[in-house]
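For the single chain, residues carry numbers from 1 onward in sequence order. Each ligand, and each atom within it, is numbered from 1 in the order the structure gives. Values reported hereafter were calculated over all heavy atoms of this structure, with side chains retained and with hydrogens, waters and symmetry mates removed.
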Amino acid sequence: MSKKLFNAWLKISIIMTDKLPDTSPVDCPRCGKNSVDMQYVGDPDTRVGYLDVWCSSCLHGIHISRVKVPLNDNLFTFETSNEQITKRILNFKQETP
Ligand SMILES: [Zn+2]
């Protein structure tokens with residue numbers, strides 16, 4: 001794992017969160033395909049949770065824990081079933097620094 005790639009994923013996650021509520025896919029920093037998706041999982045009251053950002057083409061991405069969840073519809077709560085979460089968040093390989 002390269003630090004450069006990890007930083008590229010961080011940058012992508014910032015780009016994606018900045019353009020919310022637009023959740024259209026962005027280009028993958030690893031394979032270049034326009035298939036990077038994201039999902040928040042968190043507490044709707046405290047708005048604290050985690051963010052997964054992944055590419056559905058090459059199945060790489062990052063997991064960012066303890067983020068502030070913005071007020072939008074793109075949120076799974078901790079009550080969301082595992083089945084629903086694994087259906088939505090693909091089993092991707094986490095990039096680490
Ligand atoms: Zn990719």
Side-chain angles (χ1 to χ4, degrees):
M1 298 294 147
S2 77
K3 184 152 183 112
K4 205 171 159 189
L5 204 47
F6 179 77
N7 288 340
W9 277 107
L10 274 184
K11 207 173 282 176
I12 286 287
S13 68
I14 292 165
I15 289 168
M16 291 195 87
T17 50
D18 276 354
K19 72 181 182 63
L20 286 171
D22 170 15
T23 55
S24 59
V26 301
D27 291 348
C28 173
R30 188 172 177 273
C31 73
K33 296 225 172 76
N34 184 245
S35 45
V36 176
D37 206 348
M38 67 182 287
Q39 178 67 52
Y40 282 105
V41 181
D43 186 317
D45 297 321
T46 63
R47 321 286 320 167
V48 174
Y50 66 83
L51 171 65
D52 276 339
V53 178
W54 72 94
C55 170
S56 49
S57 292
C58 67
L59 295 177
H60 275 68
I62 53 168
H63 172 89
I64 306 170
S65 52
R66 292 204 64 82
V67 292
K68 185 124 181 73
V69 178
L71 288 166
N72 64 68
D73 300 330
N74 185 19
L75 174 67
F76 278 178
T77 70
F78 294 123
E79 266 98 71
T80 307
S81 73
N82 266 342
E83 194 187 354
Q84 226 176 322
I85 290 177
T86 51
K87 209 162 150 190
R88 165 85 184 111
I89 304 176
L90 301 176
N91 188 19
F92 64 90
K93 192 162 169 24
Q94 271 183 44
E95 211 72 64
T96 51

Neighbouring protein N, O or S atoms of the Zn ion (ligand 1) [cut-off: under 2.8 Å, no waters]: C28 SG, C31 SG, C55 SG, C58 SG
R47 side chain to P70 backbone, donor-acceptor under 3.5 Å: yes
Does any pair with a residue in residues 14-53 pass ring pair (Phe, Tyr, Trp, His ring centres under 6.0 Å), and if so which ones, sequence neighbours excluded? Y50-H63
Kindly write out the residues that satisfy salt bridge (Lys or Arg N to Asp or Glu O under 4.0 Å) with D22, not counting sequence neighbours, or none if the list is empty. K19
Compare all side-chain heavy atoms of F76 with those of S81 and state whether any distance is below 4.5 angstrom. no
Applying salt bridge (Lys or Arg N to Asp or Glu O under 4.0 Å) to D37 and not counting sequence neighbours gives R88
Just by modelled atom types, is the F78 backbone N or O under 3.5 Å from a matching donor or acceptor in the D43 side chain? no
